[in-house]
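Letters A, B, ... mirror the listed sequences (proteins, then strands); counts begin at 1. Values reported hereafter were calculated over all heavy atoms of this structure, with side chains retained and with hydrogens, waters and symmetry mates removed.
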Protein chains: 2
Amino acid sequence: MSQSHTDVSAEVIEAEACPVAEVLDHVAGKWSIGIIVAAAHGPVRFTELERAINGISRRMLTLTLRKLERDGLLQRTVYPTVPPKVEYELTDMARELHSTLASLTDWAERHRHAIAAARAAYDATAGQPV
Amino acid sequence: MSQSHTDVSAEVIEAEACPVAEVLDHVAGKWSIGIIVAAAHGPVRFTELERAINGISRRMLTLTLRKLERDGLLQRTVYPTVPPKVEYELTDMARELHSTLASLTDWAERHRHAIAAARAAYDATAGQPV
DNA sequence: CGGTATCCGTTCTGATACTG
DNA sequence: CAGTATCAGAACGGATACCG
């Protein structure tokens with residue numbers, strides 16, 4: 001990093017954007033948020049998540065779960081019972097993230113329509129339909 | 001929405017996660033955040049962004065710029081001067097987002113080490129090195 | 001200056017099938 | 001119940017070259 005701070009902007013990018021981008025890269029997977037939200041109110045089991053998220057494949061659920069676990073956002077607990085039982089619970093860190101995500105949710109909700117409108121306008125103006 | 005609230009989780013997902021996921025899908029591109037941050041302190045030109053973000057290709061810059069513009073996050077102004085001049089500026093909506101992103105940045109900074117540690121621990125425990 | 005077009009490798013996702 | 005394995009297709013991202 002820092003190969004010659006010829007201009008200030010570059011520093012801003014490196015100082016602010018990188019950490020977030022890195023985190024978001026892990027949080028912004030197509031399903032991560034859904035899982036964090038679903039696990040926010042307590043430990044959840046694999047199948048519960050599968051049903052709750054509706055649309056996610058077993059594969060993606062597993063992959064996303066692993067990624068979140070690896071990043072220390074999810075704690076995985078295995079109960080060696082006869083029918084296997086595994087519970088996923090948010091770590092403190094993730095719970096904080098969940099709170100933080102709230103303002104983003106809020107922003108998203110508040111501007112959802114504006115975004116949709118902007119998109120429609122853009123498509124109508126720039127990408128003249130066939 | 002609401003296809004039969006058999007269980008609460010599903011509703012939470014549909015009510016909260018979807019809009020955010022949708023938004024984050026647009027904001028979480030590898031470069032979107034960088035551009036938003038870089039444009040936060042005023043209108044920027046194409047080339048400025050290209051230099052500021054360092055590592056981005058012309059193609060990705062254009063694509064990301066278009067995406068953000070389409071979503072109404074960026075306003076593109078073309079000055080029909082002899083050497084073409086185009087400026088990109090955050091819309092009010094995007095400026096709000098930028099503020100919101102701050103808490104996420106904060107979270108990321110505060111837990112960066114914890115995440116790295118968790119990852120290292122996970123790799124050491126679960127994915128026994130060759 | 002500010003793009004667009006094309007090629008190409010990598011990553012992400014989903015569908016399906018099998019297992020401890 | 002809670003995964004893992006494999007495969008194929010779509011989307012993403014980078015490099016390069018050309019254009020108004």
Practice task
Report the nucleotide, chosen from C:dG2, D:dA2, D:dG3, that has the shortest atom-to-atom distance to any side-chain atom of A:Tyr88.
Solution key: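 Side chain of A:Tyr88 sits closest to D:dG3.
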
Would you kindly give the [atom1]-to-[atom2] distance between [X] and [N], to the nearest whole Å?
X: B:Phe46; N: C:dG2; atom1: CZ; atom2: P; answer: 8 Å
X: A:Ile53; N: C:dT13; atom1: CD1; atom2: P; answer: 13 Å
X: A:Leu61; N: D:dA2; atom1: CG; atom2: P; answer: 10 Å
X: A:Leu65; N: D:dA2; atom1: CG; atom2: P; answer: 11 Å
X: B:Lys85; N: C:dG3; atom1: NZ; atom2: C1'; answer: 17 Å
X: B:Arg66; N: C:dG2; atom1: CZ; atom2: P; answer: 12 Å

Short side-chain N/O contact from [X] to OP1 or OP2 of [N], under 4.0 Å:
X: A:Arg51; N: D:dA2; result: no
X: B:Thr47; N: C:dC1; result: no
X: A:Arg45; N: D:dC1; result: no

Exercise for the section: Between protein and nucleotides 5-20 of chain D, map the contacts as a letter string: B base, S sugar-phosphate only, - none, heavy atoms under 4.0 Å, written 5' to 3'. Expected result: -B------BBB----B

Problem - Residue whose closest nucleotide on DNA chain D lies nearer the 5' end, A:Pro83 versus A:Thr62 - result: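 With A:Pro83 and A:Thr62 compared, the 5'-side residue is A:Pro83.
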
Counting C-beta onward and ignoring hydrogens, is there a side-chain heavy-atom pair between [X] and [Y] closer than 4.5 Å?
X: B:Leu65; Y: B:Phe46; answer: yes
X: A:Leu104; Y: B:Leu101; answer: yes
X: B:Arg66; Y: B:Leu63; answer: no
X: A:Arg110; Y: A:Trp107; answer: yes

Could you tell me the separation between the [atom1] atom of [X] and the [atom2] atom of [Y], rounded to the nearest 0.5 Å?
X: B:Asp106; Y: B:His111; atom1: CG; atom2: NE2; result: 8.5 Å
X: B:Leu61; Y: B:Ile35; atom1: CG; atom2: CD1; result: 5.0 Å
X: A:Gln75; Y: A:Leu68; atom1: CD; atom2: CG; result: 13.5 Å

